[in-house]
Number of protein chains: 2
Amino acid sequence: MVSSSSARRPKARVQHHAAPTVDLSAVIMAATPDEPRVLTVRGQPHQLDGLPSGPLRSEHRTLEAGLRTWVAEQTQLTLGYVEQLYTFGDRDRAEADIQGGGHALSIAYLALVREARPAGLAHAAWQNWYGYLPWEDWRNGRPKALGVIEPALKAWARAGGKTLRQFREERIELTFGFESGTWTDERVLERYELLYEAGLVSEALRDAQKPVSSKVRLAPGQPMALDHRRILATAIGRLRGKIKYRPVIFELMPASFTLLDLQRTVEALSGVRLHKQNFRRLVEMQGLVEETGEITTETGGRPARLVRFRREVLIERPAPGVRLPRLR
Amino acid sequence: MVSSSSARRPKARVQHHAAPTVDLSAVIMAATPDEPRVLTVRGQPHQLDGLPSGPLRSEHRTLEAGLRTWVAEQTQLTLGYVEQLYTFGDRDRAEADIQGGGHALSIAYLALVREARPAGLAHAAWQNWYGYLPWEDWRNGRPKALGVIEPALKAWARAGGKTLRQFREERIELTFGFESGTWTDERVLERYELLYEAGLVSEALRDAQKPVSSKVRLAPGQPMALDHRRILATAIGRLRGKIKYRPVIFELMPASFTLLDLQRTVEALSGVRLHKQNFRRLVEMQGLVEETGEITTETGGRPARLVRFRREVLIERPAPGVRLPRLR
DNA sequence: ATATGTATGCTCATCATGAGTATTAGAAGA
DNA sequence: TCTTCTAATACTCATGATGAGCATACATAT
C-alpha cells in the first residue's frame with residue numbers, strides 16, 4: 001500500500017533489511033481423563049523441550065498447509081483440527097541467534113488430535129502440560145507452586161513506586177485472584193507474562209542475559225526452548241476458552257466414552273473441577289452426545305453408558321453464547 | 001527446533017528461499033451511532049481502497065510497536081486499543097507481485113479509535129464498512145444484496161456433484177441461514193470466504209486471473225486491494241464477537257453519551273437491531289456506565305441522561321461468559 | 001392543547017444455572 | 001449372602017438472567 005513512500009522515512013535509509021525469518025510452530029494437544037498433553041521435541045539448545053516447528057517455505061501453498069507438512073514429516077501425525085493461534089515476533093524474546101538482529105517470526109498453530117505414538121523424528125514425545133505450567137492445575141486444590149509465586153509476585157509489586165505498585169497489584173489480582181479467590185482459567189497467557197515480567201520464570205532471565213540468579217531456583221515449571229512456553233500458554237488459554245462455546249473437546253476424545261471420561265477430560269484441560277450432575281445436564285441438554293447402546297463396567301462403580309459425539313450439533317447450534325438482546 | 005535436520009528433506013535443496021515479505025496491516029475502526037467506519041487509503045493498484053500498512057522493519061522492537069509506528073506516520077493517529085487479528089499468507093491470494101513467488105505475509109491488527117480526521121498521508125479517509133460488505137447490514141431489514149447472493153450461491157451449490165452439493169448447501173445454510181432465518185452476526189469471514197469460493201466477489205476472479213466475467217457485474221460490495229477485504233471481514237467478525245463479552249465499544253465512544261447513542265453504535269457494528277429496554281437493562285445491570293449528571297435535549301424526544309463508561313469494570317468482571325458448571 | 005418521538009420504569013412468564021438430596025447398579029471383601 | 005465401595009442417574013428447588021411488552025414522563029413542533 002502506502003509503504004512505497006519511503007522517501008519520507010529517514011531511518012529507512014539504513015537498509016539493514018535483515019530479512020525476518022518465519023517459522024511455523026505447532027502446539028499439538030491430546031488428553032486423557034487425567035492428563036492434558038502436548039507434543040514436544042527435545043532439541044540441542046540447552047536440552048530444552050520445544051514445539052515441533054519448521055521454516056515457512058515457498059513451496060507451501062498456504063501457511064496451514066506448510067504447518068501440516070512439517071508436522072507430518074517430523075512426527076508422522078496427520079493433524080485434524082488446526083487453527084492459527086498467534087504470530088510472535090518480539091525481537092528480544094527467544095534468544096534469537098539471527099545475524100543482523102532481524103525478527104524471528106513464529107506463526108503458531110493449535111492442533112487437536114486423539115493421542116497416538118509420535119514417530120518420525122526420534123525425540124518427539126507427549127508431555128503433561130502442567131510440567132511447564134504447574135500453577136495452572138487446580139484439580140487437586142490450590143497448586144503448591146503458588147506458595148512460591150504469591151509472595152514473590154507481591155514482593156515484585158512492592159518494589160515499584162506508588163503508582164507502579166498499585167498497577168502491578170491490580171494486575172496480579174486480576175490474573176491470579178489471590179485476594180478475591182477468583183481464578184479465571186483462561187488467563188493462562190496473562191499469568192505467564194506476568195511471571196515473565198516479574199522475572200519468575202527462567203526464560204526471563206535468559207532473555208535479559210542475566211546470570212542465573214537465586215531466583216531461578218524458585219522459578220516454577222520446567223522451561224522450554226525459545227519462547228515456546230509462552231506459545232504453549234497462549235494455546236492453553238485459547239483452548240480453555242473455546243471448549244466453553246464450541247464442541248472442540250470431541251477432537252480429543254475417542255469414538256466412544258462415558259460421561260465421566262468426558263468430564264474428567266474437560267477438567268484436565270480447564271484445570272478445575274466441575275459439578276458432576278450439572279455437567280451432565282449441560283451436555284445432554286445441548287444434545288452434544290448420543291448413546292451407543294453399550295455399557296461399560298470398567299468404571300469401578302455402577303456401570304456407565306457409553307456415548308458418542310453427535311456430529312449434527314456442528315450444524316445445529318447457530319449462535320453460541322450471544323449476549324446481546326436481539327430484536328424479534 | 002528440529003528444522004535443522006534438513007538433510008532429510010530433498011526439496012530443501014532447491015534453496016530458492018524466496019524470503020517472505022512481511023507486512024503489518026491495520027484495520028482501524030471508528031463508529032458513529034449510525035455508521036461503522038474503517039480507515040482506508042487509496043493506492044495505485046487499480047485505484048482500490050486498501051488498509052494502512054507497511055513492511056516490518058528490524059528497528060521495530062515488537063510487531064505491535066512497528067504497527068503503531070506505521071500508522072502514526074501514515075495517518076497521524078495514535079492508536080489506543082490494538083490487538084493482533086490474524087496472519088495471512090496464502091500464496092495465490094492478493095495478487096502478490098513477489099519476484100520468486102515467495103510468500104507475502106501480512107500480519108493484521110485490529111485497532112479501535114474515537115474518530116478523528118486522519119492526516120499524514122493524503123489519501124486516508126474513513127469509509128463505511130458496509131460499502132465493502134453490504135450484505136452484513138440488517139439494521140433496516142434484509143439487505144438488498146442478498147437478492148443477488150442467494151440465488152447465485154444456490155446455483156453454485158447445484159453445480160457440484162451430489163456430495164459436493166450437499167456439503168455446499170449446508171455451508172451456505174450455516175453461514176447465511178436462508179432457510180432457517182438464523183443470521184449469526186459474527187460469521188463475517190465465513191460468509192466472505194464462501195462468496196470468494198463461489199466466485200461472487202471480484203477478488204476471486206482477479207486471483208484466478210480470469211477475465212472479468214458477467215458475474216462480476218453482480219458482485220456485491222466494493223472490492224479492496226490485495227486481500228484487504230478478507231482482512232476487513234476478519235476484523236468485523238472479531239469485533240462483533242468481542243463486544244458481547246468485553247467492554248470494547250467504549251473505545252469507540254466519546255467521553256459522554258446517551259444510552260441510545262450506545263445502543264445505536266452497537267447496532268451499527270453488529271448490523272442488527274436490539275431490544276431497547278433490555279439493552280438498557282443489560283448495560284445498567286452490568287454496571288458498565290455511570291451518570292455524568294448532565295442531560296441532553298438534542299435527542300429529539302424526552303431529554304436523555306448523559307453517561308460515561310465506568311473504567312472500574314475492566315478490573316471487576318472476572319470471568320465473562322463461563323459456560324462450565326464449576327464446583328464450589 | 002395535541003401529536004410525535006424518545007427516555008425510563010416495571011411486570012411477567014420462561015429458561016438456565018448453582019447446589020444439593022436420593023436412589024440404583026455392579027464389584028470386591030467379610 | 002450381606003456389606004461396603006464407587007459411581008451413575010434421577011430429581012428438586014431457589015435464584016437469576018432473558019425475551020417481550022405495557023405504561024408513563026418530558027421535550028419540541030403544530
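In what follows, every chain begins at residue 1, and chains take the letters A, B, ... in the order their sequences are listed. What's counted below: heavy atoms across the whole structure, side chains too, no hydrogens, waters or symmetry copies.
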Separation of atom [atom1] in [X] from atom [atom2] in [N], rounded to whole Å:
X: B:Leu282; N: D:dG16; atom1: CG; atom2: P; value: 17 Å
X: B:Met285; N: D:dG16; atom1: CE; atom2: C1'; value: 11 Å
X: A:Phe257; N: D:dA8; atom1: CZ; atom2: C1'; value: 16 Å
X: B:Leu274; N: D:dA20; atom1: CG; atom2: P; value: 12 Å
X: A:Leu262; N: D:dA7; atom1: CG; atom2: C1'; value: 16 Å
X: B:His275; N: D:dC22; atom1: NE2; atom2: C1'; value: 11 Å
X: A:Glu298; N: D:dT6; atom1: CD; atom2: P; value: 18 Å
X: B:Ile295; N: D:dA27; atom1: CD1; atom2: P; value: 7 Å

Backbone N or O of B:Ile28 within a donor-acceptor pair of the B:Arg37 side chain at under 3.5 Å?
->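 Side chain of B:Arg37 to backbone of B:Ile28: no pair is present.
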
Parallel under 30°, tilted from 30 to 60°, perpendicular over 60°: which one fits the rings of A:Phe250 and A:Phe309?
->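 A:Phe250 vs A:Phe309 ring planes: parallel.
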
Per atom distances to the A:Arg281 side chain, the nearest of D:dT12, D:dG21, C:dC12 is D:dT12

So does A:Glu291 pair up with A:Arg305, basic N to acidic O under 4.0 Å?
-> yes

Regarding B:Glu115 and B:Thr32, is there a side-chain donor-to-acceptor distance under 3.5 Å anywhere?
->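 Checked: B:Glu115/B:Thr32 side chains show no N/O donor-acceptor pair below 3.5 Å.
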
Is it true that atom CD of A:Gln166 has more than 12 heavy atoms of other residues, nucleotides or ligands lying nearer than 6.0 Å?
-> no

Distance under 6.0 Å and angle within 45° of the ring axis: does B:Arg191 meet both against B:Trp183?
-> yes

What does the list of N/O pairs under 3.5 Å between the protein and nucleotides 8-10 of chain C look like, with a distance for each?
{"from": "C:dT8", "atom 1": "OP1", "to": "B:Arg305", "atom 2": "N", "distance (Å)": "2.5"}
{"from": "C:dT8", "atom 1": "OP1", "to": "B:Arg305", "atom 2": "NE", "distance (Å)": "3.2"}
{"from": "C:dT8", "atom 1": "OP2", "to": "B:Arg280", "atom 2": "NH2", "distance (Å)": "2.5"}

